[in-house]
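Worksheet: the structure to be examined is printed underneath.
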Amino acid sequence: MLTPEQRTEFEERGLIRLRGAVDAAAVGRLCERIWKLVGEREGLGATMRGSGVRIAAKTVKPLKRDGEFDLIYCPAVRVVADQLLGVDRWFKMPISMSLLMTMPGAGPWALSHKSWHLDYPCPGGVRVLPGLQPFLFLDRVEPHGGGTLAVLGSHRLVAKIQQENGPDFSGRSAEMRKLLQGRVPWLRALWSLRPGEDREARFMCEGETFDGVPLQVAEMTGEPGDVVLAHPWLFHALAPNCGERARMVLTDRLQVYSHPNSIYHRVLEERERKKRSGSDG
């Protein structure tokens with residue numbers, strides 16, 4: 001169960017950490033099975049460096065098919081999902097679970113200005129939290145070790161734009177990014193590249209407050225068994241792995257819109273109905 005402080009942190013920053021949520025021994029056994037498959041199918045080992053290669057999803061598909069990745073749905077994650085999304089109001093989105101595995105590559109590490117995006121849409125008619133994204137650390141992920149980058153606080157700016165628009169607003173990632181670029185100079189600078197700028201200092205150390213919302217880029221780092229829970233409207237991006245070990249993180253997307261009483265579900269149903277009506281006409 002989230003403490004009041006954790007609930008506030010999630011609402012204001014968009015991320016919370018559940019330390020040691022999953023048994024370390026179970027995580028270790030899953031890592032062994034992953035490395036066995038990666039070695040057999042791609043010829044890569046835990047000590048391989050300099051490649052920066054991302055492991056293909058099909059490589060570990062047998063583990064996902066056999067339910068090995070369900071480790072992410074530990075009791076702590078389920079309790080928090082019930083607390084934030086509602087009991088019996090969320091489900092695991094089919095085919096969304098994935099292993100984020102990146103081998104160490106050559107440096108230097110640099111804060112990306114590309115690929116910043118949302119995984120969830122934010123339609124204008126939605127007034128409920130539409131989901132939750134857990135990240136389970138299977139091995140230690142240290143700074144500059146490939147951890148997902150997130151703009152803390154960005155979900156609050158997304159919500160403001162979403163609420164300003166009517167029910168026909170699609171809230172797709174590209175559309176929302178374009179609107180935020182036009183409104184928030186700090187994000188416009190993050191999502192562009194200017195030679196000579198110390199991006200890590202400006203965006204990850206200093207941050208900035210816009211419209212009363214503190215903004216700062218953070219890396220998702222952690223220890224084996226830790227779980228980070230992310231707000232679905234938090235802008236995030238890939239990061240290079242310049243560390244000493246492979247980045248190994250499980251992630252999935254929880255959704256609430258499939259529940260028959262969910263506002264989110266009705267919004268998407270109405271959008272689909274309009275699409276069908278348009279195509280029929």
Side-chain angles (χ1 to χ4, degrees), residues 1-34 60 63-101 118-120 128-143 145-156 218-234 236 245-259 262 264:
M1 181 87 51
L2 293 180
T3 65
E5 292 77 16
Q6 287 176 311
R7 185 69 180 257
T8 298
E9 182 179 5
F10 178 76
E11 292 172 352
E12 294 184 353
R13 294 167 62 85
L15 284 182
I16 49 174
R17 182 185 303 277
L18 308 178
R19 297 188 184 277
V22 180
D23 178 65
V27 168
R29 289 191 293 270
L30 178 55
C31 281
E32 290 178 5
R33 291 191 284 271
I34 290 171
V60 294
L63 297 177
K64 180 178 179 181
R65 181 193 60 219
D66 295 341
E68 301 274 5
F69 289 173
D70 288 344
L71 202 64
I72 194 172
Y73 290 103
C74 62
V77 167
R78 290 181 175 275
V79 166
V80 173
D82 285 346
Q83 186 178 355
L84 293 176
L85 305 177
V87 178
D88 295 329
R89 290 180 58 87
W90 60 271
F91 79 115
K92 298 178 288 184
M93 187 174 178
I95 77 172
S96 65
M97 188 184 292
S98 58
L99 172 67
L100 308 176
M101 187 172 181
L118 298 175
D119 288 340
Y120 292 69
V128 296
L129 182 65
L132 194 62
Q133 187 162 7
F135 295 82
L136 167 61
F137 292 82
L138 301 181
D139 200 350
R140 178 180 297 127
V141 177
E142 299 174 334
T148 300
L149 299 167
V151 182
L152 303 181
S154 59
H155 63 298
R156 297 168 62 185
E219 286 181 278
M220 294 189 195
T221 59
E223 297 293 325
D226 287 357
V227 172
V228 167
L229 296 169
H231 192 289
W233 292 345
L234 200 67
H236 57 283
R245 66 187 77 207
R247 186 272 297 248
M248 299 176 67
V249 176
L250 274 180
T251 189
D252 203 0
R253 300 176 198 168
L254 310 187
Q255 304 275 355
V256 299
Y257 61 71
S258 69
H259 192 283
S262 168
Y264 202 78

**Message:** Val22 and side chain to side chain contact (heavy atoms under 4.5 Å, CB included): which single residue from Val227, Asp226, Val77 fits?
**Reply:** Val227
**Message:** Test side-chain contact (heavy atoms from CB on, under 4.5 Å) on Ile16 and Arg7; report intermediate values, then the result.
**Reply:** CA-CA 8 Å; Ile16 49 174; Arg7 185 69 180 257; over 6 Å; no
**Item:** Between NE2 on residue His236 and OG1 on residue Thr148, distance to nearest 0.5 Å
**Value:** 7.0 Å
**Fill in**
Looking only at heavy atoms, the pair that brings Val151 and Leu234 closest together is O-CD1, 3.2 Å
**Asked** What's the spacing between Asp119 CG and Trp233 CH2 if we round to 0.5 Å?
**Response** 14.0 Å
**Prompt:** Is a donor on one side and an acceptor on the other found under 3.5 Å between the side chain of Arg17 and the backbone of Thr221?
**Reply:** yes
**Item:** Closest approach of Tyr120 to Pro130 (non-hydrogen atoms, all atoms of both residues)
**Value:** CE2-O, 4.4 Å
**Request:** For residues Asp82 and Trp90, report the shortest heavy-atom separation together with the two atoms involved.
**Result:** OD1-NE1, 2.7 Å
**Asked** Distance-only, no hydrogens or angles: does the His231 side chain make a donor-acceptor pair with backbone N or O of Gly153 under 3.5 Å?
**Response** no
**Request:** Give a yes or no on whether Arg33 atom CZ has more than 12 heavy-atom contacts from other residues, nucleotides or ligands under 6.0 Å away.
**Result:** yes
**Message:** Tell me if a side-chain donor or acceptor on Lys92 pairs with a main-chain N or O of Asp252 at a distance below 3.5 Å.
**Reply:** no
**Asked** If every non-hydrogen atom of Met220 is compared with every non-hydrogen atom of Val141, which pair is closest and at what distance?
**Response** O-CG1, 3.8 Å
**Prompt:** Looking only at heavy atoms, what is the nearest atom pair of Ala230 and Leu15, with distance?
**Reply:** CB-CD2, 3.5 Å
**Request:** Any chance you could lay out the side-chain contact (heavy atoms from CB on, under 4.5 Å) test for Leu118 and His155, step after step, and finish with the verdict?
**Result:** CA-CA 10 Å; Leu118 298 175; His155 63 298; over 6 Å; no
**Item:** Spatial distance of atom CG (Leu63) from atom CG (Leu71) [nearest 0.5 Å]
**Value:** 11.5 Å
**Asked** Within a reach of under 6.0 Å around CZ of Arg156, are more than 12 heavy atoms found that belong to other residues, nucleotides or ligands?
**Response** yes
**Request:** Drop me the distance from Glu32's CD to Leu138's CG, to the nearest 0.5 angstrom.
**Result:** 12.5 Å
**Flag, side chain of Asp23 to backbone of Ala25, donor-acceptor distance under 3.5 Å** = yes
**Request:** Locate the shortest heavy-atom distance separating Leu18 from Gln6; write the atom from each residue and the value.
**Result:** CD2-NE2, 4.3 Å
**Fill in**
One should read off an interatomic distance between Leu250 CG and Leu100 CG, to the nearest 0.5 angstrom, of 8.0 Å
**Message:** What I'd like to find out is whether the side chain of Phe69 reaches to under 4.5 Å of the side chain of Leu30, using heavy atoms alone.
**Reply:** yes
**Message:** Using side-chain heavy atoms (C-beta onward) and a distance below 4.5 Å, is Ile34 in contact with Glu68?
**Reply:** no
**Message:** With rounding to the nearest 0.5 angstrom, report the CG to CD distance, Leu85 to Gln255.
**Reply:** 9.5 Å
**Request:** Show your reasoning for whether side-chain contact (heavy atoms from CB on, under 4.5 Å) applies to Val228 and Phe137.
**Result:** CA-CA 8 Å; Val228 167; Phe137 292 82; 3.6 Å; yes
